Each structure stands twice: as structure tokens, then as C-alpha cells.
J.: 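The structure that follows is given in the form of C-alpha cells.
For the numbers below, each heavy atom of this structure counts, side chains included, while hydrogens, waters and symmetry mates do not. Just so we're clear, the structure is a prediction, and the values are computed from it rather than from any experiment.
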Amino acid sequence: MPAPPTRDGPRVNEEIRVPQVRLIDQDGEMQGVMTAREALHRAFAVGLDLLEISPNADPPVVKILDYGKYKYEQQKKKNEAKKKQKVIEIKEIKVRPNIDENDYQVKLKAMKSFIEDGDKVKVTLRFRGREMAHQDIGIKVLERIRSDMDLTTKVEQMPRMENRQMIMVLTPR
């Protein structure tokens with residue numbers, strides 16, 4: 001059984017080095033099993049290329065088509081697939097343990113918009129100076145955020161201490 005192609009893409013024209021192939025012509029009609037040389041002559045007779053479509057079949061399946069056009073179509077499909085995929089970003093919101101109600105509402109609104117866009121939100125609560133002695137206040141702020149965002153998010157990473165800051169990660173449901 002011949003090995004699948006090693007370079008990028010399928011084998012074309014003279015690169016097809018198997019004794020027997022199953023040929024599909026330019027109109028999509030099955031022509032049957034024949035030698036690779038005969039299939040190549042038929043392709044050149046109509047001014048097109050011979051392309052190996054299924055190298056692992058027995059015998060391999062080849063098709064008569066315009067290779068340049070085929071490559072163009074493949075590139076278009078690849079670009080279309082790339083366009084449709086969404087990259088998930090991690091947005092960071094920084095809060096303090098003694099955050100004011102107005103500031104809290106503004107940050108909450110920003111978090112909700114990030115979640116609606118499909119992004120993750122990393123909530124960083126930073127302690128300064130003597131605030132480290134009152135970590136329970138920080139935990140209460142993060143718990144409040146978690147309960148306010150509970151309908152649209154789930155907690156990917158529970159609040160944990162990292163040096164002088166507490167970190168929690170929320171993801172869209």
C-alpha cells in the first residue's frame with residue numbers, strides 16, 4: 001500500500017507513482033481502473049492536471065481538474081474557516097477591597113459586556129498596606145461579584161491569593 005503524500009497537499013501529475021489508479025474525469029464521471037500513465041495522458045489531452053484525491057484507497061483515486069483552481073478553492077475554504085472561529089480573550093478587571101458602590105456597578109457592567117462578547121473575565125482584587133490584615137473583606141467583594149454574575153457565568157477558578165492580590169476567573173455559561 002503506498003504511503004500518503006509527505007509534502008503539503010495531494011500529489012499532482014508526475015508525482016503520482018503507482019501502477020494502477022481509479023480515474024474520475026473532469027465532469028465527475030467514473031472512468032474505472034487504469035494505469036497512471038494512461039490517466040496522465042487523458043488529463044493532458046484535455047489540458048488539465050491529474051490530482052490524487054484519495055491516496056490510501058486501493059487503487060488510489062485520481063481526478064482530472066485544474067490544479068491552480070483547486071489550490072485557490074482550498075485557500076478560500078481555509079480563509080473562510082479562519083474567519084468563523086472566535087478567539088477567546090481573557091479580560092482583566094481590577095477591584096479594591098473598599099470599592100465604592102458606583103465604581104462597583106461600573107466594573108460589574110464592564111464584566112457583563114465582556115461575558116456577552118464570549119470572553120473570560122479575570123477579577124483581580126489588590127490589597128495595599130494594612131488591607132492585607134482584612135482579607136475577609138476582599139473575599140466578601142469577590143463573593144458579591146460571583147453572586148451578581150451567577151446567571152451568566154460560571155467560576156473557572158475560585159478566588160485564591162497570589163502575593164498581595166486575590167484572583168478569580170469567570171467564564172461564560
Side-chain angles (χ1 to χ4, degrees), residues 1-12 22 24 26-28 30 49 51-58 60-63 65-173:
M1 185 173 213
T6 52
R7 67 175 189 87
D8 293 352
R11 293 185 284 210
V12 187
R22 186 176 305 273
I24 299 172
Q26 63 275 16
D27 303 321
M30 179 68 71
D49 300 299
L51 183 88
E52 190 173 40
I53 290 180
S54 180
N56 296 331
D58 188 33
V61 179
V62 295
K63 187 172 184 178
L65 47 75
D66 184 354
Y67 185 60
K69 199 173 186 180
Y70 172 80
K71 274 176 56 174
Y72 173 73
E73 293 292 329
Q74 293 300 316
Q75 188 65 38
K76 255 174 73 170
K77 282 182 190 172
K78 197 166 126 184
N79 289 345
E80 199 64 37
K82 199 181 226 179
K83 217 184 285 182
K84 287 181 183 170
Q85 64 184 204
K86 167 87 171 91
V87 177
I88 296 177
E89 292 182 37
I90 297 181
K91 304 285 188 174
E92 185 173 18
I93 296 284
K94 293 182 179 179
V95 292
R96 298 287 314 281
N98 55 349
I99 188 168
D100 190 53
E101 183 59 31
N102 247 9
D103 295 338
Y104 176 81
Q105 292 303 325
V106 169
K107 303 260 184 189
L108 195 67
K109 190 175 176 184
M111 281 188 264
K112 285 180 179 173
S113 75
F114 292 150
I115 292 293
E116 284 169 10
D117 292 344
D119 297 325
K120 292 182 180 183
V121 176
K122 178 181 177 182
V123 183
T124 305
L125 187 125
R126 178 107 191 199
F127 294 103
R128 282 200 206 140
R130 292 191 197 142
E131 291 173 348
M132 282 298 286
H134 302 286
Q135 291 183 7
D136 55 323
I137 297 172
I139 290 173
K140 285 179 185 169
V141 171
L142 288 179
E143 285 298 318
R144 182 176 172 200
I145 290 171
R146 193 173 85 179
S147 64
D148 288 347
M149 296 290 288
D150 202 29
L151 299 172
T152 54
T153 63
K154 61 180 182 231
V155 179
E156 183 178 278
Q157 182 183 323
M158 293 303 279
R160 73 169 208 276
M161 281 301 290
E162 229 175 68
N163 298 335
R164 289 190 148 272
Q165 53 192 20
M166 212 174 262
I167 296 170
M168 175 173 72
V169 179
L170 302 170
T171 59
R173 280 198 188 267

J.: Please round to the nearest 0.5 Å and tell me the distance separating atom NZ of Lys63 and atom CD of Gln26.
T.: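 The distance works out to 10.0 Å.
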
J.: Does some side-chain heavy atom of Val95 sit less than 4.5 Å from a side-chain heavy atom of Val123?
T.: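 SC-SC contact between Val123 and Val95 confirmed.
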
J.: Just how far is it from atom CZ of Arg22 to atom CD1 of Ile53, taken to the nearest 0.5 Å?
T.: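 The distance works out to 12.5 Å.
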
J.: The criterion is salt bridge (Lys or Arg N to Asp or Glu O under 4.0 Å); which residues satisfy it with Lys120, sequence neighbours excluded?
T.: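 Partners of Lys120 by the salt bridge (Lys or Arg N to Asp or Glu O under 4.0 Å) criterion, ordered by chain and then number, come out as Glu156.
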
J.: Could you state the interatomic distance from CD1 (Ile99) to NZ (Lys94), rounded to the nearest 0.5 Å?
T.: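 It comes to 13.5 Å.
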
J.: Is Val61 close to Glu52 at the side-chain level, that is, under 4.5 Å between some pair of heavy atoms?
T.: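 SC-SC contact between Glu52 and Val61 ruled out.
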
J.: Got a donor-acceptor contact below 3.5 angstrom from the Asp49 side chain to the Asp66 backbone?
T.: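 The answer is no, because no donor-acceptor pair under 3.5 Å joins these two groups.
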
J.: Can you list, pair by pair, the side-chain donor-acceptor contacts under 3.5 Å of residues 70-84, counting residues two or more places apart and other chains?
T.:
from, atom 1, to, atom 2, distance (Å)
Gln75, NE2, Asn79, OD1, 3.4

J.: Checking Lys91 now: which residues fulfil salt bridge (Lys or Arg N to Asp or Glu O under 4.0 Å) with it, not counting sequence neighbours?
T.: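 Here the qualifying residues are Glu89.
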
J.: Can you find a heavy atom in the side chain of Phe114 that is under 4.5 Å from one in the side chain of Glu92?
T.: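 No, too far: nothing below the 4.5 Å cut-off.
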
J.: Please find the pair of heavy atoms, one from Leu125 and one from Gly138, that lie closest to each other, and give the distance.
T.: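 Here Leu125 and Gly138 meet closest at CD2-CA, 3.5 Å.
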
J.: Keeping to residues at least two apart or across chains, list the side-chain hydrogen bond (donor to acceptor under 3.5 Å, both in side chains) pairs with something in residues 107-119.
T.: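 Output for this query lists Lys86-Asp119.
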
J.: Between Arg173 (side chain) and Asp150 (backbone), is there a donor-acceptor pair under 3.5 Å?
T.: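 Yes; judged by distance alone, with no hydrogens or angles, the pair exists.
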
J.: Apply side chain to side chain contact (heavy atoms under 4.5 Å, CB included) to Lys154 and Leu170, showing your working.
T.: CA-CA 6 Å; Lys154 61 180 182 231; Leu170 302 170; over 6 Å; no

J.: If you compare all heavy atoms of Leu142 against all heavy atoms of Met168, which two are closest, and at what distance to 0.1 Å?
T.: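 So the two residues come closest at O-CE, 3.6 Å.
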
J.: Under the salt bridge (Lys or Arg N to Asp or Glu O under 4.0 Å) test, which residues partner Arg146, sequence neighbours left out?
T.: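 Salt bridge (Lys or Arg N to Asp or Glu O under 4.0 Å) check on Arg146 returns Glu143.
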
J.: Whether the Thr124 and Gln165 side chains hold a donor-acceptor pair (N or O, under 3.5 Å, no angle test) is what I'd like checked.
T.: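 On atom types as modelled, these side chains do not qualify, holding no pair under 3.5 Å.
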
J.: Given Ile115 and Val121, is the side chain to side chain contact (heavy atoms under 4.5 Å, CB included) satisfied, shown in steps?
T.: CA-CA 7 Å; Ile115 292 293; Val121 176; 3.7 Å; yes

J.: Roughly how far, to the nearest 0.5 Å, is the CD1 atom of Ile24 from the CE atom of Met30?
T.: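 That separation rounds to 4.5 Å.
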
J.: Please assess Lys122 against Ile167 for the test side chain to side chain contact (heavy atoms under 4.5 Å, CB included), listing each intermediate value before the final yes or no.
T.: CA-CA 7 Å; Lys122 178 181 177 182; Ile167 296 170; 3.8 Å; yes

J.: Take Leu51 and Tyr67, measure what side chain to side chain contact (heavy atoms under 4.5 Å, CB included) needs, and give me the verdict at the end.
T.: CA-CA 7 Å; Leu51 183 88; Tyr67 185 60; 3.4 Å; yes

J.: Which pairs would a plain distance check flag for residues 129-137, meaning a side-chain donor or acceptor within less than 3.5 Å of a matching protein atom at least two apart in sequence or in another chain?
T.:
from, atom 1, to, atom 2, distance (Å)
Glu131, OE1, Arg96, NH2, 2.8
Glu131, OE1, Arg128, N, 2.8
Glu131, OE2, Arg96, NH2, 2.6

